[in-house]
Amino acid sequence: MRIATAEQMREMDRVAIVERRIPSTDLMERAAAAIADQVIELAGDAPGRVVCFCGPGNNGGDGVACARLLLEAGFEVRCVLVGAHEKMTPDTREMEARLAAAGGRLEPFQPDDPAFAAWCLGCCAMVDALFGIGLNSPMRGDSLIAVQMMNTCDIPVVAADIPSGVEADTGRVLGAAVEAARTVTFTLPKAGHYVGRGGLCTGRLTVADIGIPADLVDKEDYPVQTVEETDVLLPRRPRDAHKGDFGKCAIVGGSVGYTGAPTLSARAAVRSGAGLVWVGVPAPVWPVAAAKLDEAMPFPLPAGKEGQLSLEAGELIRHKLSGYEVCLIGPGLGRGNGVASVVRHLLGEIHIPVILDADGINALEGHMDVLDGRQGLHTVLTPHDGEFARLGGDLSGGDRLGEARRFAREHGCCLVLKGHRTITAFPDGRAYINTTGNPGMAKGGSGDVLAGIILALLGQGLPARQAVPYAVWLHGAAGDRCAAEVGEYGMTPTDLVATLPAVLEAHVK
Ligand SMILES: NC(=O)C1=CN([C@@H]2O[C@H](COP(=O)(O)OP(=O)(O)OC[C@H]3O[C@@H](n4cnc5c(N)ncnc54)[C@H](O)[C@@H]3O)[C@@H](O)[C@H]2O)[C@H](O)CC1
Ligand SMILES: [K+]
């Protein structure tokens, strides 16, 4: 799904209202109706009690209009203004007048009134209409108190447009944020609904059409999008195909004590349809890899006494890779200086697409010129936050999406910033926000499986712009299937691999 920025939403609003003459209050009424629908659904079979916390801006206007709709639907409603009455926008004032005409009242928020707090505890739902896409600084004062009330009453909150406190374009929390059970946004979702802490505050997201003309929506450019179930389409295999048609994939990984990583990557690649998978591992662990792998082809490489690749391995690997189409470097490699030198040597010498994971990424620390030297060649990095920081990624500002896109652009690589709502960013600024996965995947080996899936899809000829976001989505979907079958505590990366065939098959077009 396309992701709109706050600025794009404001511009679409403006054109719709000024040029297409759509009354802004009509947009607000439709927004309010979509919010009210969620409250009515939460209330179940009988209208209950609802409190609407409204700011002075148009987000608040959505809330005031929603209060009126709920009043008309038989709910017991209190609608409180959190902020200065004189700061109310014209549309919000109009909604206040309509509320009054319907017998309701917009009353000032009195945070110290115990009777109000007690009244709220009897609500079946609360509406958060403090701030929407206009929030531009950390909340303070009564707004903060209202947020704390909504977050501590253990009553489901429906957020208007975006949970108040979440910055629409980044998902950062400015001061504090409402933890919504549901969020109703308008026209298109925003990044803040998915990434950063915003992704944890949004709850179930509904995207409501409030009447912005489709041509205004379509004419915008949306460099960021989510990856949804319907986006992931894998080509059906030609009936006359042979194994050479499905990728000659290579993996360089493993070290003494880390034989599971390359094995999991290899198994995941095979289970994701790769035709041929070669696995180069240090000689001391080759017997282990050979015992664990059947379809993949383990190969012993020169190793040092510590059981990691030695410098001699570089030339041998380079020679071996001459017949291969894509290479994964890193799973279980270890972090010795020697092995890091081998990785950097390979990155300078081989010109096929490379996926760098785990210790393959760590080998770049202090040597970003090696990555930059591969501009134009497909290089995919799959770091978690710690590995990303070692490469100079700065997540301290809380803007994961912006930082991932910056890094990909600056270094000319595809960056997969793993975590909740994994982000896949490309050098041209385009980025994909994943929508699958769960904390059951937060286990050693899970990243090795993802790297193997990416390897296999690239090896099968999918363009990187599909192969990488699809692999991330499929990896998370397999994880969700495992969580449903065995639970988040007990599921393992090996379960992920076993689940891949069913998940992939469901997406063959
Ligand atoms: N097409 C649509 O998407 C529609 C959206 N609607 C709603 O309108 C809001 C945006 O309204 P806006 O008045 O621009 O901003 P907010 O209501 O989000 O914020 C109010 C106002 O508050 C000021 N402000 C910002 N940060 C702070 C702060 N920390 N403390 C105090 N005040 C702050 C700032 O000046 C803002 O302008 C959108 O989210 C939708 O809910 C329309 O109702 C329908 C069409
Ligand atoms: K809100």
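Order of listing sets the numbers, starting from 1, for every ligand and every atom in it.
Counting protein heavy atoms only, atom 7 (C) of ligand 1 is closest to D62 OD2, 3.3 Å. Of the protein's non-hydrogen atoms, D13 OD1, 3.2 Å is the one closest to atom 2 (C) of ligand 1. In this structure, atom 14 (O) of ligand 1 lies nearest to the protein heavy atom G134 CA, 4.3 Å. At the top of the distance list for atom 35 (O) of ligand 1, counting protein heavy atoms only, stands N136 ND2, 4.4 Å. For atom 9 (C) of ligand 1, the closest non-hydrogen atom of the protein is N59 N, 3.5 Å. Of all protein heavy atoms, the one closest to atom 10 (C) of ligand 1 is I133 CG1, 3.8 Å.
In the vicinity of M9, heavy-atom distances shorter than 4.0 Å reach the ligand 1 atoms 3 (O). Those atoms of ligand 1 with a heavy atom of S137 less than 4.0 angstrom away are 26 (N), 27 (C), 28 (C), 29 (N). Interface of G132 with ligand 1, defined as ligand atoms under 4.0 Å from a residue heavy atom, comprises 16 (P), 18 (O), 39 (O).
Checking E167, M139, R14, R140 against atom 30 (N) of ligand 1, the nearest heavy atom belongs to R140. In the candidate list N58, D142, L144, N58 is nearest to atom 13 (O) of ligand 1, counting heavy atoms.
Taking the K ion (ligand 2) as the apex, the angle formed with O of D128 and O of F131 is 150°, to the nearest 10 degrees. An angle of 100° is found at the K ion (ligand 2) between S164 atom OG and I162 atom O, rounded to 10°. Annotation: angle subtended at the K ion (ligand 2) by N59 OD1 and A160 O is 80°, to 10°.
Between H411 and F407, the ring-plane angle classifies as tilted under the 30° and 60° cut-offs.
The shortest N or O to N or O distance between P138 and ligand 1 is below 3.5 Å. Between T187 and ligand 1, not a single N/O pair is under 3.5 Å apart. For ligand 1, the polar-atom distance check against L27 finds no nitrogen or oxygen pair separated by under 3.5 Å. Polar contact check, D161 against ligand 1: a nitrogen or oxygen pair lies under 3.5 Å apart. The shortest N/O to N/O separation between G60 and ligand 1 does not fall below 3.5 Å. Not a single N or O atom of F131, backbone or side chain, sits closer than 3.5 Å to an N or O atom of ligand 1.
Between the side chain of K443 and the backbone N or O of Y489, at least one donor-acceptor pair lies under 3.5 Å. E403 places a side-chain N or O within donor-acceptor distance of the main-chain N or O of D394, the cut-off being under 3.5 Å. Proximity of a side-chain donor or acceptor of T185 to a complementary backbone N or O of D161 within less than 3.5 Å is detected. Proximity of a side-chain donor or acceptor of E76 to a complementary backbone N or O of C123 within less than 3.5 Å is not detected. A donor-acceptor distance shorter than 3.5 angstrom exists from the side chain of S164 to the backbone of F131, with no hydrogens or angles considered.
Only the side chain of I210 comes within 4.0 Å of ligand 1, judged by heavy-atom distances. Contact annotation: for L135 versus ligand 1, heavy atoms closer than 4.0 Å belong to both the backbone and the side chain.
Closest approach of A36 to L69, counting heavy atoms only: CB-CB, 4.3 Å. Between Q38 and R204, the closest heavy-atom pair is OE1-NH2, 3.2 Å. Of all non-hydrogen atoms in L496 and A478, the two that sit nearest each other are CD2-C, 3.7 Å.
Cation-pi check for R78 over F116 is not met; the charged atom does not lie both under 6.0 angstrom from the ring centroid and within 45 degrees of its normal.
With respect to R390 and D385, no salt bridge is recorded, no charged nitrogen being found less than 4.0 Å from a carboxylate O. Contact check on R182 versus E41 returns a salt bridge, with a Lys/Arg side-chain nitrogen under 4.0 Å from an Asp/Glu carboxylate oxygen.
The protein does not reach atom 37 (O) of ligand 1 closely, with no heavy atom under 4.0 angstrom from it. Counting protein heavy atoms under 4.0 angstrom from atom 21 (C) of ligand 1 gives zero.
Within a 6.0 Å radius of CZ in R172, other residues, nucleotides and ligands contribute more than 12 heavy atoms.
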Worked check of salt bridge (charged side-chain N to carboxylate O under 4.0 Å, His left out) between E96 and R93 = CA-CA 5 Å; E96 178 186 23; R93 290 178 190 278; 5.4 Å; no

